[in-house]
Amino acid sequence: MNKMVSFLRCVILARVVAAQSDLAFDYVIAGAGTAGLVIANRLSANPSISVAVVEPGDDVRRDADVQTVDFLFSSFNTSINYQYPSITSPALGSRNLTYRAGKAWGGSSAVNGMVYIRGDKAQYDAWEELGNRGWNWNALFASWKKGEHFIVPTKRKTASGVTFDEAFHGETGLLDLGFPLSLSNSSYYDKARATWGKLGVGPIKDLNGGTPHGFVTAPMTLDPQAAVREDSARAYYTPAESRPNLKIVKGTVKRITWGKDAGRLAVADGLEYVSPSNKLLKIRANKEVILSASAYRNPLILEGSGIGNPKVLNKLGIKIKVKLPGVGESLQDHNIVAMTYSLKEKFLGRIPYATMPTAQDVFGNNTAKIASSSLAKISEYAKHLSTTFDGAIPANAIEKRFRIQHDLIFKKNVTVAELFPTNTGDGILAQFWTSMPFSWGNVHLGSKDAIDSPIIVPNIMATDFDLDMLTAVGRLSQKAFATAPLSDLIADNLTPGYDTLPLDASDDQWARFLKGQVLNALHVVGSCAMLPVELGGVVDEKVKVHGTKNVRVVDASIIPSQSSGHTMAPVYGVAEKAADIILDGK
Ligand SMILES: Cc1cc2nc3c(=O)[nH]c(=O)nc-3n(C[C@H](O)[C@H](O)[C@H](O)COP(=O)(O)OP(=O)(O)OC[C@H]3O[C@@H](n4cnc5c(N)ncnc54)[C@H](O)[C@@H]3O)c2cc1C
Ligand SMILES: *[C@@H]1O[C@H](CO)[C@@H](O)[C@H](O)[C@H]1NC(C)=O
Ligand SMILES: *[C@@H]1O[C@H](CO)[C@@H](O)[C@H](O)[C@H]1NC(C)=O
Ligand SMILES: *[C@@H]1O[C@H](CO)[C@@H](O)[C@H](O)[C@H]1NC(C)=O
Ligand SMILES: *[C@@H]1O[C@H](CO)[C@@H](O)[C@H](O)[C@H]1NC(C)=O
Ligand SMILES: *[C@@H]1O[C@H](CO)[C@@H](O)[C@H](O)[C@H]1NC(C)=O
C-alpha cells in the first residue's frame, strides 16, 4: 500500500472513530490490566481495527508508589488495590484470607513484586496434554521472547551475582526486563549460593529457559536506567496511546449484551458497564468481546451474562444463556509462608535470589514413599474437591487433571516450590511457597448486582499432601538459614522463633505453625480454565468461551494449571499468544 493511501485510510478511520464517539468498536476489552493492555496494543497496531478497553482504575503511570522499584508493598491499602475478603478454609480455622489485585491501568502488574519467572517446560507442555492444541512450552517461549526487551545487566550487577543466558530472552519486544538497581554488595549471594549447593540446589545460569531447578538471581519487570517499574501500561499502552483507533473508557463491566444467536452459538454485541457517575451504559462490539478483568472478576461477568453453572445461575435468578459448569471453579493459588531472621550485621541492597527445588530436593529419601501414598489417595482428593465444587466438575475429570499434576511433580521432576528472601533493612524476610497444591477453590457472583464483590472460597490446605509438601519446603528453608556459610550471617530466627519451631520440630509443630501462617500468594489462576468442557473448561484453545461465537477470555483466569514461580510471566506469554490467535481471526 502506498503512503498516500495509508494516510487517507488513517484520516478516514480517525473520522469514523470520532463520529461514533465511544459507542462502537470492533473489539471491546473488559480490563486494562496485565493481559488487557497487551491485547489492546497488538490489536490496535492495525489501524483499521478499532479497540476500546473498559477499566475502572486510573492512569497511574506517574504514581510514585507504582513507579518505585523498591517494592515493599508500597501501594497496599491504597485506592489502586482491590482487597477481596474470602470465606474461611476449614483447615485454617476461623482465619480468613485477603485477596489483592491492582485496580489501575496495568492492573496487578502496577502493584506486584515485579519478579519474572516462567516456570518449568513440562508444566506448559501439560496444557497441551490437557487438550489445548498448540499450547506448549515452545509456543509460549516464542511469545515470551516476542514480548520481551531484555536489558543486559551491568558489570556491577554481574559482580553481585547476576547471571543470565541471552538465548532465553527477547531483545526487541516491548516489556523491559532487567535486574534490580541496588543488589546487595554483601557476601549474602556467595554464602547463599554455597549453602544451597550443599543442599543439592546448586547455582544455575538463568531460570527462564524451562529448567528453573536451582539457585539464581531472578529478573524483574523494571527499567534499570530510568529506575521505574515496567508495568503493562508503561510497556504496552504508552507506545500505543496516540493511536486514534484505541480508547480506554472508565467504567466497571457488569455483563455481556447479546445479539441474535448464530445457530447454537451465543453472539455478543457489546458490554454493559457502570460509569463513574453510576450510570449503566452500553458499548457496542462489532466483532468481539474480550474479558481480561482478572481471575477474580471474569467469572462474575460471565455469570452476570448468563454463562455458568445452572445451579449457581438459578440461585442468583439469572437466565441461562450458555450452560458451562466450570465457570469460577478450580481457582488455583500458591501457598505462601514467611519466617524472619535477624542479621549479625545489617546490610543494604536487594537479595532477589530465587531457589527452586524439586520434590526430590524437599522430600529426600521419602520421595518415593510420598509419591506413592499421594497417588493412592488421588481419587479421594478428586472426589472431595468435586464435592466442594458442588458437583460442578465431576470427580473423574478432576482426577485426570490431578494425575497430570502428580506426574509433573514425581515423574517429570519439575520444581515444586520457590524460596525467595527479601532484605527488609532490619533483617531477612524468608518467604517460601509451594507451586502445585491439590486444594483448589472457587469464585462466584454473590448476587446479581454485586459485580465488585467476588465470593472467594480459597479451600487451601485441604489435602494432607499439601501440608506434607509445605512442611517439607518449610524444613528446607529453615535448614538453609541454619547451614554454613549462609548461617554465618544470621543472628537469630525472629519469627516464629526456635522456641516455637526448633530445628528438629515435629510434624505436629509444623502443622500448627503452617496452618496459622499460610497465606494465599496472590498468584491466582484457573477460574475460566482453557480446557475441554468435560474437564471443567470455560474457554477452548482459541481462548473462546465454549458455546459462544465471539466472546474470548485472556488473562490469568484461563491458565488451566499452575506453574512454578509467579504468575505474571505466564500471563504475558498467554496474552501475546492469544493476540496472535485473535488477529488470525479464528
Ligand atoms: C500484591 C501482588 C504481588 C504480586 N507479585 C508478583 C510478582 O512479583 N511476580 C509475578 O509474576 N506475579 C506477581 N503477582 C501476580 C501477578 O501480578 C498477576 O498474576 C497478574 O498480573 C494478573 O494479570 P491479569 O491480567 O490476569 O489481571 P490484572 O492485571 O489484575 O488485570 C485485571 C484488570 O481488570 C480490571 N477490572 C476488574 N474488574 C473489572 C470489571 N468488572 N470491568 C472492567 N475491568 C475490570 C482491573 O482493574 C485490572 O486493571 C502479584 C500480585 C499481587 C496482587
Ligand atoms: C494494611 O492494612 C492492614 C490492616 O490495617 C495492616 O495490618 C497492614 O500492615 C497494612 N499494610 C501496609 C503495607 O501498610
Ligand atoms: C470470614 O468467613 C466467614 C465464612 O467462612 C464469614 O462468615 C465471615 O464474614 C468472614 N469474615 C470476613 C471479615 O470477611
Ligand atoms: C557496599 O556498599 C556500601 C554503600 O555503597 C559501602 O559503604 C560498603 O563498603 C560496600 N561493601 C562492600 C563489602 O563492598
Ligand atoms: C538417604 O539414604 C541414603 C542411603 O541409604 C543415606 O546415606 C542418607 O543419609 C539418607 N539421607 C537422609 C536425608 O536421610
Ligand atoms: C525423576 O526423578 C526420579 C527420582 O529421582 C528419577 O528416577 C527419574 O528418572 C527422574 N525423571 C526424569 C524425567 O528426570
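Both ligands and their constituent atoms are indexed starting at 1 by order of listing. Note that the coordinates shown come from a computational prediction; the quantities given were computed from them, not determined experimentally.
For ligand 1, the atoms sitting less than 4.0 Å from at least one non-hydrogen atom of M114 are 7 (C), 8 (O), numbered in the order shown with element in parentheses. Of all atoms in ligand 1, numbered sequentially from 1 with element shown, those under 4.0 Å from a heavy atom of V54 are 43 (C), 44 (N). Proximity to T252 (heavy-atom distance under 4.0 Å) selects the following atoms of ligand 1: 40 (C), 41 (N), 42 (N). Interface atoms of ligand 1 facing A35, defined by a heavy-atom separation under 4.0 Å, are 25 (O). Taking every heavy atom of G33 and a limit of under 4.0 angstrom, the matching atoms of ligand 1 come to 29 (O), 31 (O), 33 (C), 49 (O). Residue S292 approaches ligand 1 through these ligand atoms, each under 4.0 Å from one of its heavy atoms: 32 (C), 33 (C), 34 (O). The ligand atoms of ligand 1 that sit less than 4.0 angstrom from a heavy atom of G31 are 34 (O), 35 (C), 43 (C), 44 (N).
Judged by distance alone, the side chains of N550 and E288 never bring a donor and an acceptor atom under 3.5 Å apart. Side chain to side chain, N459 and S89 fail the donor-acceptor criterion of an N or O pair below 3.5 Å. Between the side chains of K282 and T257, at least one donor N or O sits under 3.5 Å from an acceptor N or O. A side-chain N or O of D176 and one of H149 form a donor-acceptor pair less than 3.5 Å apart.
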Candidate pair Y124 and W135, rule ring pair (Phe, Tyr, Trp, His ring centres under 6.0 Å), full reasoning: CA-CA 7 Å; Y124 293 91; W135 289 87; 9.8 Å; no
Criterion ring pair (Phe, Tyr, Trp, His ring centres under 6.0 Å) on Y84 and Y296, from CA distance to verdict: CA-CA 9 Å; Y84 304 126; Y296 308 107; 5.2 Å; yes
Step-by-step ring pair (Phe, Tyr, Trp, His ring centres under 6.0 Å) determination, Y353 to F420: CA-CA 6 Å; Y353 308 124; F420 194 85; 8.7 Å; no
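Here's the thing with F76: none of its N/O atoms is less than 3.5 angstrom from an N/O atom of ligand 1. Residue-to-ligand polar distances keep S557 apart from ligand 1: every N/O pair is separated by 3.5 Å or more. In terms of polar-atom proximity, A30 is not counted as a contact of ligand 1, lacking any N or O under 3.5 Å from an N or O of the ligand. Annotation: I301 places no N or O atom under 3.5 Å from an N or O atom of ligand 1; distance criterion only. The N/O atoms of K412, backbone and side chain alike, include none that comes under 3.5 Å of an N/O atom in ligand 6. Taking distance alone, with nitrogen or oxygen atoms compared against 3.5 Å, A101 stays at or beyond that limit from ligand 1. For ligand 1, the polar-atom distance check against K103 finds no nitrogen or oxygen pair separated by under 3.5 Å. For ligand 1, the polar-atom distance check against A556 finds a nitrogen or oxygen pair separated by under 3.5 Å.
Of the charged side-chain nitrogens involved, at least one lies within less than 4.0 Å of a carboxylate oxygen, so that D452 and R297 count as a salt-bridged pair. Ionic pairing of D407 and R403 is not present here: no N-O contact between side-chain nitrogen and carboxylate oxygen is shorter than 4.0 angstrom. Between R284 and E272 there is no salt bridge, since no side-chain N of the basic residue sits under 4.0 Å from a carboxylate O of the acidic one. Of the charged side-chain nitrogens involved, at least one lies within less than 4.0 Å of a carboxylate oxygen, so that D580 and K146 count as a salt-bridged pair. K250 and E55 are not joined by a salt bridge, as no carboxylate oxygen comes within less than 4.0 angstrom of a charged side-chain nitrogen.
Protein residues having a heavy atom under 4.0 Å from any atom of ligand 3 are P85, S86, I87, T88, N96, listed by chain and number.
Nearest-heavy-atom check against atom 53 (C) of ligand 1 across R118, R100, E55 picks out R100. Looking at H523, H566, R297 and measuring to atom 38 (N) of ligand 1, the nearest heavy atom belongs to R297. Considering only non-hydrogen atoms, atom 30 (O) of ligand 1 lies nearest to S108 out of S108, G113, A295, G107. Comparing Q83, M568, M220 by heavy-atom distance to atom 12 (N) of ligand 1, the nearest is M568. Residue V253 holds the heavy atom nearest to atom 42 (N) of ligand 1 of all those in V111, V249, V253. Taking all heavy atoms of G36, A293, S109, A569 into account, the minimum distance to atom 34 (O) of ligand 1 is reached by A293. Closest heavy-atom approach to atom 4 (C) of ligand 1 among the candidates D452, N112, D555, V115: N112.
Taking the side chain to side chain donor-acceptor pair (under 3.5 Å) definition, one finds that S86 meets it with nothing, sequence neighbours left out.
In this structure, G102 counts as a contact residue of ligand 1, since one of its heavy atoms falls inside 4.0 Å of the ligand. Residue Y273 places every heavy atom at 4.0 Å or more from ligand 1.
Using a 4.0 Å cut-off between heavy atoms, A104 contacts ligand 1 through its backbone alone, with no side-chain atom that close.
Here the rule is side chain to side chain contact (heavy atoms under 4.5 Å, CB included) with F410, and of T367, V416, T358, L375 only T367 fits it. Here the options are D58, D59, D63, the test is salt bridge (charged side-chain N to carboxylate O under 4.0 Å, His left out), and the partner is R61; only D59 passes. Of the residues listed (N112, D223, T221), the one engaging R229 in a side chain to side chain donor-acceptor pair (under 3.5 Å) is N112, and it is the only one. With Q562 as the fixed residue, the side chain to side chain donor-acceptor pair (under 3.5 Å) test singles out one of Q332, Q123, H334: H334.
Ring centroids of Y237 and W105 are separated by less than 6.0 Å, placing the two rings close together.
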